[in-house]
Every structure is written in C-alpha cells, then in structure tokens.
Amino acid sequence: MSETSEQIENSTESESSVLESIKQVRIAKAKALQEAGMDPYHSGPFEKVSNQEALAAEMGTQLNIAGRVTSSRTMGNVTFGNLHDETGDIQFMLSKKQLDEPELPEPAYKFILKNLDVGDFVYITGERIETKTGEPTVLATNFRIITKSLRPLPEKHAGLKDSDALLRQRYLDILQNRDVQEMIYKKAKFWKSVRSFLEERGFIEVQTPILEHTTGGGDAKPFVTHHNFLDTDVKLRISTGELWQKKLLVGGLEKTFEIGRQFRNENQSREHANDYDQMEFYWAYANYEAGMALVEQLFKHVALETFGTTQFEMNRFGKIHKIDLDHKWERYDFVEVIEEHAGVNVMTASDEELAQALKRLEATHEEPAVSRAKTVDRIWKVVRRKISGPGFLVNELYELSPLAKKSSEDPNFVERFHVVIAGSELGNGYSELNDPIDQLERFEAQEAMRQAGDDEAQEANYDFVTALEYGMPPAVGFGMSERVFSFFMDKSLRECQIFPLLRQE
RNA sequence: GCCCCUGUGGCGCAGUCUGGUUAGCGCAGCGGACUUUUAAUCCGUUGGUCCUGGGUUCGAAUCCCAGCGGGGGCACCA
C-alpha cells in the first residue's frame, strides 16, 4: 500500500469498509490518471458551451462540453453516458474508433473506461450527432476526466430518499432534484425583484449592524454571543435594522431599505427558522396609508417577476387558500374581524369573557397568556387562519405595537398594518412613532412586561430615544421575510432554505 | 414542549405483525462478453455494528424498556 492511500485510510477510518474500499479503488484510478498526465483535479480553464446550447446545436457542429457524468452504458467498443450541467443533461458517446489516441499508457478508449466513474466531471470535445434512435448526442473525439469523484452518487433510479441525508447533504438533493435547483433560482429572483422595485422608487440599500448591545424591532429571544475584544456579550439582531434605519431618517436619509439575515433563538416550525432573510424599508414623509399602497404594488411586482402570475393556491392550516394579488386588497378592522369570527368584542369584553373566547377557539391551550393584550393577540392568531386575503389588518391595539404611532382618531389604536394572506401575516408596517416622550413611555412599559415575565417584550433602547429627541421626520416602515417566498412556493420555510440548520450529527 | 411516523451494505428496498438455517433483492463497485444504448443486456463476484444501550428468550433485525437521529402534525415568535 502506498503512503498516500495509507494516509487517506487513516484520515477516514470511521468510514465503513464498503465505502472505504470504493474510495480506495477510485483513489487508485485518480493516481493512474495523474501518472498518465491527465490531472484528475485539473484547474482549467475549459472553454465550453452549456448542455442546453449543445442540445440546440446543429448536427455536425464541433463543440466542447463539460459536466458531471451521471450514467454510463458500455456495449463493447462503444459507450453511451449522460452528462449533467446546470442547464440540463445531454448524452455523450465514446467510440473506440473515433476517439483520438493521445499519449496514454494504453489505448484511449480502454484507459478512459477503466478509470471513469459515474460522478466524475469530464471535459469532452466532439461532434454534435444524433444516434439511430434520434437522441441528441456528442460523439467524443477527445475525453478528459477533470475531477475525480471518490464517493458513489445515490442510486440512479430511485435516487436519495432518506430525508435526513437530503437535508444534511443538500448538494445531492440539488443534483438529483431539478425542482430544488429551480427553487434556488426563484429565491434569487424573488429578492432581486424586491430590490429592483425599491431602487426604482428611489430607495437606497443600506447595511446596519448584526451584532448589537440592545436588540429591537421585534418580539423575540435573541442569540447571545461573547465579543472578545470588547469583553462583553452582544446579541444578534432580531430585525433588519429597524432602529438603525430610523436613525438614518434622523440623519436626513429619506428612503432606505435593507435586505439581510436576522436571527431569532426560538422554535423551528413550518413557518419559522432561526436565521432567515428579511427586508425592511423606511420612507420619510409617508404614513401607513401610503405604506399599504406601496406594499400592495410591491407584492404584485414580486409575484409577477418571480412567478409570472398574481394567482396562487396556498395550502395552509388545513385549508387551500386561493389568492389573487390583483384583486382588491381587503381591509380587516382588528376589532370587527375578531368580533365577526370569534363573537367577542375585545374592547368591551371582560378579561373572563376574553379567556373563554380563547378557550373556545384553541384546540389546545398551554400556559395562560401573560396579559390581556397577549390574550387578544392569541385570539387574532386563531381567527387569522380562516382569512385568505389578500388584505391588510388595520386598527391594531397599541399595547402590542411599541414602535408604532398612535392613531390620531383613537389613542387605543395604532397606525399599523399587517399583510394577511392565506391565514398568516406576511408583512408588517406602521407609521413610525417619532414622539420621543411617547417612545420612552412605551419602552418603559415593555420593560415592565419583561420584569413580569414576558421575555419577548422589547428592550428599551435609550440611545434610540436620544436620536428621536433630535427629531425624526414622519415616516412609514415595513418589513417582510422570506416567509413570503415560502408561501408563494406553497412549501414549508425549511424546504425553501438552501441549507437549513439541523442538529449536529 | 406534546402527539404520530421512521432508522436494515455507499444508495433504493424486502424481511418485523406471527422470534427459528449462513439477513435476501436491485443499483453502484470489482472481473468477463458485447460497436447505437438510454433503468442497455448477459455471466461471475466483493461488501452487513440490522441507529445505540439494556432486557425477555434455548434463540432477537423481529418482542419489551430507555436513549439518539430524521420527518410530519399541534402549539409559539416574521
């Protein structure tokens, strides 16, 4: 045994003997390629056309293609195989007679077959032909293995099905399931269309801190980590720069947005991940009415750009919601919609009546809500599931919105709106609270809730109050997360994450 | 956090209910035949911690208990 293979064996001694023997065979093939002057990990460059282009090429065209070999069929002196690249698959053909004979230790056809495995990346020069059966094919005149694969790909018919492996080794999922690759393209389009929509309307993209001393802009438990240099604990942001972007308003920027990661140290579910992308925009001299008008346009634009339609079917909460974003967006008055569906007026009902209403609605109810406002919030969350939308929830209670401006008509409510689609909240915006005294009072109320045991109540941020004291122009802000994308895809959020976080093996 | 499903060579599966030879089949691998296949075909063949640990039993992949991993559902923060 050579030194090299001993080292490799030692480094992977936890592998099973079966896999290990397969790898040893392939390492030996890589060595044979190396010794024959065919670098099994060649750096290129490789001039090539895509498989899609090769498929479209005229018969007789000379061309180069490259990709991963996904199957091979040998019939003596002729071999067929399939080549996979990002654009699709094409058949290649190796023929003993037509293959050039470069300086190899044995005839090229024999040498290549001996050292080629399904899974290898290859670079093929050849002629675009059709076989007897009319299959578009590249007949190789030159065939080089440019990356040796050491592990066998999953079974070629059934493929990889183990749900654990599919998530842990998502690259195999992507390789064998074209729809996963499509999802990744669509997600890119989705955020690109959000970005272009806002840029076209004069918003500029900004980057605000992810590591913070005080989190803000949401109700959530943060991740905490230690900052060595400053010798202090810092938190990972739970919103996409809400308070920072409002400081930019104070500084004189009038239309900003940020697209970025945020982190919430909470449970995972069909709709919730621990790290995910969100967009938030802030728009000076506009209010929540203007915000709703813009958001309605944003959703239509993104749907058309990403999916080419405004019509969706979303299977959520045991109901198939049929949605057309091009329909008139409804307005759901918070108190009215709850009264309609839950038979209780949240403004006039006693605490006891509210608790009973919640009990009627919830199949299972766990620990009691920590406050009247939270009870109301829970009732809404159950009611919400029946509403397909599209629409906006408006006239929400001010207790649950510590950063939103109170309604000028009734101080019990705030100028806030939630996008409601398929029984869920797919966006959240409000006229931004810019009264520093009111803001300070709200923070203090939140702190009191924290003291009372609500660890999701927001942290007071006095630095932010200071900024408000200098004056922040009236503005509307809005946020939406990649949950919107997963709803349009009608898949779970986890399926729409490229590499979802799993337990360590 | 609660409930349900699931774990057998690298991959896909059978066997588990009803315990009983040496755990079987396909793909991939290895050796061989074959110049138009496309799940190519044919002959031969290597490869197993049946998730882990206990228990019951003459005997456990199979039954019981506990744990671990994964998925789904419910609930909760976009």
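Naming convention: chains lettered A, B, ... in sequence-line order (proteins, then strands); numbering from 1 in each chain.
At the heavy-atom level, A:L167 lies under 4.0 Å from the strands shown only through sugar-phosphate atoms. Within 4.0 Å (heavy atoms only), A:S163 reaches sugar-phosphate atoms of the nucleic acid but no base atom. Heavy atoms of A:N274 sit nowhere under 4.0 angstrom from any nucleic acid atom. Here A:K132 lies in heavy-atom contact (under 4.0 Å) with a base. Across all strands, A:G218 comes closer than 4.0 Å to no nucleic acid atom at all (heavy-atom distances). A:T79 comes within contact range of no nucleotide atom at all, as no heavy-atom separation falls under 4.0 Å. No engagement by A:N82 is indicated, since no non-hydrogen atom pair under 4.0 Å with the nucleic acid exists. Using a 4.0 Å heavy-atom distance criterion, A:E271 is classed as a base contact.
Residue-to-nucleotide proximity on RNA chain B shows that, of A:L116 and A:S71, the 5′-proximal contact is made by A:L116.
For the pair A:H157 NE2 and B:rA40 C1', the computed distance is 11 Å after rounding to whole Å. Summarising the geometry, the separation between CD on A:Q24 and P on B:rA28 is reported as 22 Å, rounded to the nearest angstrom. The nearest whole Å value for the distance from the NZ atom in A:K110 to the C1' atom in B:rG32 is 12 Å. Remark: P of B:rA78 and CZ of A:R316 are 16 Å apart, rounded to the nearest angstrom. Distance, A:L113 CG to B:rG32 C1': 14 Å, rounded to whole Å. Distance A:L153 CG to B:rA39 P: 18 Å, rounded to the nearest Å. Atom CG in A:L160 sits roughly 19 Å away from atom P in B:rC27 (whole-Å rounding). A:K96 places its NZ atom 10 Å from the C1' atom of B:rU35, with the value rounded to the nearest Å.
Between the side chain of A:S269 and the base of B:rC74 there is no donor-acceptor pair of N/O atoms closer than 3.5 Å. Taking 3.5 Å as the limit, the base of B:rU37 and the side chain of A:Q91 contain a donor-acceptor pair of atoms between them.
With A:Y276 as the aromatic partner, A:R483 does not meet the cation-pi criteria of under 6.0 angstrom to the ring centre and within 45 degrees of the ring axis.
Distances shorter than 4.0 Å separate some side-chain N or O of A:R73 from OP1 or OP2 on B:rA40. Regarding contacts with the backbone of B:rA28, a side-chain N or O of A:K156 is found under 4.0 angstrom from either OP1 or OP2. Within the 4.0 Å cut-off from OP1 or OP2 of B:rG70, at least one side-chain nitrogen or oxygen of A:R168 is found.
B:rC2: Watson-Crick or G-U partner is B:rG73, with both key distances under 3.5 Å. Remark: B:rU41 base-pairs with B:rA33. Criterion, Watson-Crick or G-U wobble with two distances under 3.5 Å. With both pairing distances under 3.5 Å, B:rG47 is matched to nothing as a Watson-Crick or G-U wobble pair. B:rG9: no Watson-Crick or G-U partner with both key distances under 3.5 Å is found in any strand.
Taking atom P on both B:rU49 and B:rG24, the two are 15 Å apart, rounded to the nearest angstrom. When the C1' atom is compared between B:rA61 and B:rG7, the two are found 12 Å apart, to the nearest whole Å. For the P atoms, the distance from B:rU62 to B:rU57 is 16 Å, rounded to whole Å. The separation of B:rC4 from B:rU8, taken at their C1' atoms, amounts to 22 Å, rounded to a whole angstrom. Going from the C1' atom of B:rG44 to that of B:rU56 covers 44 Å, rounded to whole Å. Taking atom P on both nucleotides, B:rG69 is separated from B:rA60 by 28 Å, rounded to a whole Å. Using P as the reference atom, B:rC25 and B:rU46 are 11 Å apart when rounded to the nearest Å. For B:rC64 and B:rA40, the P atoms lie 42 Å apart once the distance is rounded to whole Å.
Ranking B:rC11, B:rU36, B:rU35 by closeness to the A:M93 side chain, first place goes to B:rU36. When distances are taken from the side chain of A:V25 to each of B:rC30, B:rA78, B:rA40, the shortest belongs to B:rC30. The nucleotide whose nearest atom lies closest to any side-chain atom of A:L493 is, among B:rA78, B:rG9, B:rG12, B:rA78. Out of B:rC30, B:rU37, B:rG70, the shortest distance to the side chain of A:D117 is found at B:rC30. Taking every side-chain heavy atom of A:R385 into account, B:rC76 is the closest of B:rC76, B:rC30, B:rA28. Candidate nucleotides B:rG12, B:rU36, B:rA78 were compared by shortest atom distance to the side chain of A:M75, and B:rU36 ranks first. Of all nucleotides listed (B:rG47, B:rA40, B:rG70), B:rG70 comes nearest to the side chain of A:L502. Counting only heavy atoms from C-beta on, A:K29 has its side chain closest to B:rG29 among B:rG70, B:rG29, B:rG12. With distances taken from any side-chain atom of A:K97 to the nucleotides B:rU35, B:rA78, B:rU36, the minimum falls on B:rU35. Closest to the side chain of A:A273, from the set B:rG9, B:rU35, B:rA78, is B:rA78.
Between A:F334 and A:W380, the ring planes are tilted. Angles from 30° to 60° get that label. Ring planes of A:F488 and A:F312: parallel class, angle under 30° (limits at 30 and 60°). By the 30° and 60° cut-offs, the orientation of the rings of A:F417 relative to A:F478 is parallel.
Between A:F257 and A:F281, the gap from one ring centroid to the other reaches at least 6.0 Å. In this structure, the ring of A:F485 has its center less than 6.0 angstrom from the ring center of A:F190.
For A:E447, the CD atom counts as densely surrounded, since its 6.0 Å shell holds more than 12 non-hydrogen atoms of other residues, nucleotides or ligands.
At distances below 3.5 Å, at least one donor-acceptor pair connects side-chain atoms of A:E280 with backbone N or O atoms of A:T240.
A donor-acceptor pair shorter than 3.5 Å cannot be found between the side chains of A:Q24 and A:S21.
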